[in-house]
Amino acid sequence: MSDAHSPLGKDLQNTFFDTFNDQNDLHCSAVAPSPLNNPVLVSSNALLAAELGLNPEHMTDSAMLRLMAGDLTDTDLQPIALVYSGHQFGVWAGQLGDGRAMTLGELPVVDIKTGKPQLWDIQLKGAGATPYSRFADGRAVLRSSIREYLCSEAMHSLGIATTRALCLVNSDTSVYREDVESASTVCRVARSHIRFGSFEHFHYRNQPDAVKAMADYVIARHFPQWIEDDLRYANLVTHTVTKTAKMIAQWQAEGFAHGVMNTDNMSILGDTIDYGPFGFLDVYNPDFICNHSDANGRYSFKNQPSVGLWNLNALATSFMSLLPSEALVTALKNYEPTFLQYYRQLMARKLGLEAYRDGDESLINQLLTLMEENQVDYSLFFRQLCYFSNSHRNVRDMFVDRNAFDDWAALYVQRLSQQQSSDQDRSATMLETNPKYILRNYMAQAAIEKAEQGDYSEVNLLLEVLQSPFAEHPQAEHYAGLPPDWAGAISVSCSS
Ligand code: AMP
Ligand code: MG
């Protein structure tokens with residue numbers, strides 16, 4: 001292998017391809033990227049590079065740029081695209097698959113917690129057509145890549161399980177959407193790219209052996225402790241149920257709307273995956289629909305918890321050849337209590353409560369109703385609440401109906417008085433819980449507009465800010481307040 005090649009490529013393996021290459025069931029296809037013309041590095045994620053054991057300095061090498069633009073010259077890599085199917089907007093959509101993503105390989109990384117090597121998928125999104133591209137071009141435009149790059153890191157920094165993003169590359173390659181735009185790639189890093197739809201694919205093709213092979217692969221790679229366990233498939237479904245419930249509880253607590261919760265966009269590990277027309281709440285509005293294409297609001301903010309369960313039902317259905325229905329029902333029954341437990345804990349923590357207690361539900365619900373009625377900005381309220389005390393009711397002016405707020409504040413003050421911690425201690429904990437910075441659509445838009453002019457500074461500023469969203473960033477103070485009026489006019493829809 002030549003020295004001109006990035007060190008990243010040398011360390012990659014491909015257990016998925018090794019496992020399924022010889023199977024007739026075609027779990028994946030070998031693919032070759034179509035490299036971008038004149039690639040330019042928009043941003044590289046030094047923090048993630050270090051976590052992956054890569055030298056952050058190598059991230060800006062020309063060899064790395066070539067690799068990340070899909071040029072595999074002088075490498076031994078055999079990228080693959082995975083097949084999957086899925087339910088889109090509640091309707092069976094049949095075969096989909098990695099239409100614009102290809103996994104270059106898996107990187108072994110020593111886990112700091114366990115000391116054991118863990119494999120991370122290194123995937124290029126936007127590197128050209130695959131057998132699953134259908135009639136599309138396999139490309140990703142710069143604006144959608146910027147959104148995925150920034151949001152996945154923002155979510156990670158909020159403590160939400162998610163895929164990550166290692167770098168973002170722009171190019172001279174043109175792609176045709178409503179206008180001509182430049183093609184880009186994001187290097188997505190994930191513990192797994194297996195989706196609910198990966199199982200549904202083989203279930204609906206009546207290939208139970210392939211469903212089993214997929215489940216065995218996931219267990220061998222992620223849960224080797226279960227390999228000999230008779231309950232391994234039930235464990236896997238239960239694990240997906242509880243992780244998904246936890247993830248969606250976090251979405252609700254942080255005000256995140258995914259926008260396209262199709263079963264092909266749900267990870268078997270319960271990680272947030274496939275950032276498209278997502279949005280964070282500005283004012284608290286449970287009916288918020290972030291995806292312009294979602295006319296009926298199937299994926300509205302308030303519907304996410306129930307859609308999560310709907311999707312898990314679809315996953316459980318595809319395990320019917322491996323488990324009796326009673327076992328699947330038992331696994332699914334974990335969803336609601338797990339969701340509620342996490343959501344309540346998270347909301348209690350946002351309010352500065354040391355623990356959730358019976359009765360806190362009405363404190364939380366009354367607050368949310370007030371915020372909705374008074375059109376209060378969700379994240380800004382909780383950040384300001386960090387500085388609230390009985391003698392300093394700073395958030396009062398955020399409500400049009402001050403009397404109604406005073407009634408709620410009286411309950412809140414009474415609840416706080418039942419805890420030992422001082423106002424200062426509570427404030428310090430709340431500042432670590434309620435982010436000062438979230439990726440509002442207008443912020444992504446500002447970065448996109450500059451980047452489309454060749455100025456990548458805003459992408460890099462936002463990456464830095466969103467990677468420590470609880471900290472002060474004087475250079476980004478203007479992003480910590482209410483969104484500007486024009487933010488409401490931004491419209492985002494499905495794949496671009
Ligand atoms: P998404 O809504 O982004 O999750 O995409 C749904 C399906 O369409 C997936 O199978 C994608 O791989 C595929 N897809 C989206 N955009 C493209 C594109 N530009 N080229 C090829 N396939 C695509
Ligand atoms: Mg998708």
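The residues of the chain are indexed from 1 along the displayed sequence. All ligand and atom numbering here is 1-based and tracks the order in the structure. Treat the numbers as computed from the prediction; the structure is a model and nothing was measured.
For Tyr84, every heavy-atom contact with ligand 1 shorter than 4.0 Å involves the side chain, none the backbone. Residue Thr130 does not touch ligand 1, judged by heavy-atom distances below 4.0 Å.
Looking only at distances, a side-chain donor or acceptor of Glu153 sits under 3.5 Å from a matching main-chain atom of Ala165. With Tyr84 contributing its side chain and Gly97 its backbone, the two residues share a donor-acceptor pair below 3.5 Å. In this structure, Ser145 contributes its side chain and Thr185 its backbone to no donor-acceptor pair below 3.5 Å.
Residue contacts with ligand 1 leave out Gly276, since none of its heavy atoms falls under 4.0 Å from the ligand.
Interface atoms of ligand 1 facing Gly138, defined by a heavy-atom separation under 4.0 Å, are 18 (C), 19 (N), 20 (N), 21 (C). The distance from ligand 1 to the heavy atoms of Asn265 drops below 4.0 Å at these ligand atoms: 4 (O). Close approach of ligand 1 to Asp274 (heavy-atom distance below 4.0 Å) involves ligand atoms 4 (O).
Here's the thing with Asp137: one of its N/O atoms is less than 3.5 angstrom from an N/O atom of ligand 1. Close N/O approach between Arg139 and ligand 1 is found [any backbone or side-chain N/O within under 3.5 Å]. In terms of polar-atom proximity, defined here as any N/O pair under 3.5 Å, Val260 makes no such contact with ligand 1. At under 3.5 Å, a nitrogen or oxygen of Gly99, whether backbone or side chain, sits near a nitrogen or oxygen of ligand 1. Where the criterion is an N or O separation shorter than 3.5 Å, residue side chain and backbone included, Gln88 fails it with respect to ligand 1. Not a single N or O atom of Leu96, backbone or side chain, sits closer than 3.5 Å to an N or O atom of ligand 1. Considering backbone and side-chain atoms together, Arg100 places an N or O closer than 3.5 Å to an N or O of ligand 1.
The option from Lys125, Arg134, Arg177, Arg195 that lies nearest to atom 7 (C) of ligand 1, judged by heavy atoms, is Arg134.
Residues Asn460 and Ser43 have side chains that bring a donor and an acceptor to within less than 3.5 angstrom of each other. Counting only N and O atoms by type, the side chains of Glu458 and Tyr479 include a donor and acceptor under 3.5 Å apart. Side-chain N/O atoms of Asp282 and Tyr442 include no donor and acceptor closer than 3.5 Å. Between the side chains of Ser85 and His201, at least one donor N or O lies within less than 3.5 Å of an accepting N or O.
Each of His193, Arg195, His258 was checked for a side-chain hydrogen bond (donor to acceptor under 3.5 Å, both in side chains) with Asp274, and the lone residue meeting it is Arg195.
Here the shortest heavy-atom pairing between Ile248 and Gly308 reads CD1-CA, 3.6 Å.
Trp120 does not carry Arg164 over the face of its six-membered ring by the limits of under 6.0 Å from the centre and within 45° of the normal.
Counting only heavy atoms from C-beta outward, the side chains of Phe382 and Asp377 never approach each other to under 4.5 Å. Between Leu77 and Leu67, the closest side-chain pair of non-hydrogen atoms falls below 4.5 Å. With a 4.5 Å cut-off on side-chain heavy atoms, Asn265 and Phe196 do not count as touching.
Around the Mg ion (ligand 2), the protein atoms of type N, O or S found under 2.8 Å away are Asn265 OD1, Asp274 OD2, listed by chain and number.
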